[in-house]
There are 2 protein chains.
Amino acid sequence: MFNDILEAAACIIERDGLGGVSTNAVAETAGVSIGSLYQYFPNQIAILAELTRRERELLRGGISGVALKREDASLDHAVEDMIKAAVVHQLARPRLARELDFAEASLDLIPKTELMGDDIISSVAAMLRRHAYPRADEAAQDLVSMAKGMIDAAGLAGETDAAALSARVRRAALGYLRY
Amino acid sequence: MFNDILEAAACIIERDGLGGVSTNAVAETAGVSIGSLYQYFPNQIAILAELTRRERELLRGGISGVALKREDASLDHAVEDMIKAAVVHQLARPRLARELDFAEASLDLIPKTELMGDDIISSVAAMLRRHAYPRADEAAQDLVSMAKGMIDAAGLAGETDAAALSARVRRAALGYLRY
DNA sequence: GTCTATACGCGGATAGAC
DNA sequence: GTCTATCCGCGTATAGAC
């Protein structure tokens, strides 16, 4: 039920964007009444916040999983693996990912202490530091934002070839790090 | 008057994001009544569309101006100059740029034939082709999206040093092209 | 716990006076 | 051409029956 509501919101976002997310639409899509919806979530924002939290957790898990599995990997391989994880995740539901990113940044309704984006950047920064890369925090922000930009645009354009896209993001990322 | 309304909308977006843009708020901020507003714009969308068109025109002008002025420049220099133009433009009003980008992509309310984003990508692609760079269209999309991603994130984080940011975007772009 | 019905406010848009 | 006043629909949220 709880999950049905979240998935309904996700589907609406994929079809109509954030603007289509009304409590009525979510309830109807989820197959429950508006009254029931409010027994699971105190308000509309809470739905978006929880959805964002879950999606971000998936991405964060994939990325830090890669980082932990191969602590001995070279910097290039670590970056490559992280990019692959990000591409696969983001291409799975491109519009959803894009709209939620925007929601998080614009409607700052997710507790600031728990900012998800920072979490992922921190993982990347930690990886860079492990390889003694200078200015790790700055570089991590740049890597994440360039990758996000490229992947969002590719998803919006309808690209589906994760391998090809990963390779291109890799060129930008490794080029940035080496230059 | 026309311009007052557009500037009012821009200010509201900078302060409250797209969600704060109501016709009432725009009219009040512009110092006109709601009735007068509707003599200049047929509806709310038209305001956002025209604002987007103007902002995009500024960026497009800066970028293609650079491209035309120095047709003899090397690929690296051409890319560098375009990046500088983009960074300067986007850092001038970071949140406005970011929100309008999202509005254009999500609320597809700007005539599809006149898609502004494609226009800029085409300029970049033409420049790449002039230098015989392979897969120019794909590369142009990647360059624009990685730059947009990095600049948006930097603007959101409050960065203001255009030179430093340009240098970092340049690393990613040239790294991508050379790799 | 789930429903229906409804109160309430806000925002888009128009009418019509001046 | 600019204003005020207003209509109308939509969306949030709650009340209260079952």
Side-chain angles (χ1 to χ4, degrees), chain A residues 1-55 95-96 98-100 102-111, chain B residues 1-55 95-96 98-100 102-111:
Chain A
M1 186 95 296
F2 193 84
N3 296 302
D4 293 342
I5 293 170
L6 290 175
E7 181 54 26
C11 289
I12 292 170
I13 290 175
E14 286 187 303
R15 204 182 55 233
D16 305 323
L18 281 172
V21 179
S22 70
T23 49
N24 286 318
V26 172
E28 187 180 4
T29 305
V32 298
S33 71
I34 180 68
S36 293
L37 183 146
Y38 277 93
Q39 288 213 331
Y40 294 92
F41 296 92
N43 54 49
Q44 190 197 30
I45 302 305
I47 300 174
L48 289 177
E50 177 63 15
L51 188 57
T52 301
R53 207 192 60 76
R54 292 205 176 183
E55 278 292 308
R95 186 168 188 186
L96 179 62
R98 177 180 152 75
E99 302 268 341
L100 287 182
F102 181 80
E104 183 176 8
S106 189
L107 307 80
D108 32 26
L109 301 151
I110 288 107
Chain B
M1 188 96 293
F2 194 83
N3 296 303
D4 293 342
I5 293 170
L6 290 175
E7 181 54 26
C11 289
I12 292 170
I13 290 174
E14 287 188 303
R15 204 182 54 233
D16 305 323
L18 282 172
V21 179
S22 70
T23 50
N24 288 316
V26 172
E28 187 180 1
T29 304
V32 298
S33 71
I34 180 71
S36 294
L37 183 147
Y38 276 94
Q39 286 214 331
Y40 294 91
F41 296 91
N43 53 50
Q44 189 197 28
I45 303 304
I47 300 174
L48 289 178
E50 177 61 16
L51 188 57
T52 301
R53 208 192 60 75
R54 291 203 176 185
E55 278 292 307
R95 186 167 188 186
L96 179 62
R98 178 180 152 75
E99 302 268 342
L100 287 181
F102 181 80
E104 184 176 10
S106 188
L107 305 82
D108 33 25
L109 302 153
I110 287 108

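Hydrogens, waters and symmetry mates play no part in the numbers below; they use all other heavy atoms, side chains included. Residue numbering restarts at 1 for every chain, and letters A, B, ... go by the order of the sequence lines.
The separation between B:Phe2 atom CZ and D:dG1 atom C1' is 16 Å, rounded to whole Å. Counting to the nearest Å, the C1' atom of C:dC3 and the CD atom of A:Glu28 are 15 Å from each other. Protein atom OH of B:Tyr40 is 7 Å distant from nucleotide atom P of D:dG1, rounded to whole Å. Distance A:Ile34 CD1 to C:dG1 C1': 15 Å, rounded to the nearest Å. Taking atom CG on A:Asn24 and atom P on D:dG9, their separation rounds to 16 Å, with Å as the unit. Between B:Tyr38 atom OH and D:dC8 atom C1' the separation is 13 Å, expressed in whole Å. In this structure, CD of A:Gln39 is placed 13 Å from P of D:dA15, rounded to the nearest angstrom. Atom pair B:Gln44:CD and C:dC10:P shows a separation of 16 Å (rounding to whole Å applied).
The main-chain N or O of B:Leu18 is found under 3.5 Å from a side-chain atom of B:Glu99 such that the two form a donor-acceptor pair. For the pair A:Thr29 (side chain) and A:Ala25 (backbone), a donor-acceptor distance under 3.5 Å is present. Side-chain atoms of A:Gln44 come within 3.5 Å of backbone N or O of A:Val21 as a donor-acceptor pair. The main-chain N or O of B:Leu48 is found under 3.5 Å from a side-chain atom of B:Thr52 such that the two form a donor-acceptor pair.
A close approach under 4.0 Å does occur between a side-chain nitrogen or oxygen of A:Thr23 and OP1 or OP2 of D:dT12. Between D:dG1 and B:Ser36, no contact under 4.0 Å exists linking OP1 or OP2 to a side-chain N or O.
When each of C:dT4, C:dA13, D:dT12 is scored by its nearest atom to the side-chain atoms of A:Ser33, the top-ranked nucleotide is C:dT4.
When heavy atoms are screened at a 4.0 angstrom cut-off, B:Ser22 is found touching the sugar-phosphate backbone but no base atom. Note on A:Phe41: nothing from the nucleic acid sits closer than 4.0 angstrom, heavy atoms only. If you check every strand for non-hydrogen atoms under 4.0 Å, B:Val26 touches nothing.
One distance of note links OG of B:Ser106 with CZ of A:Arg95; it measures 4.5 Å at 0.5 Å rounding.
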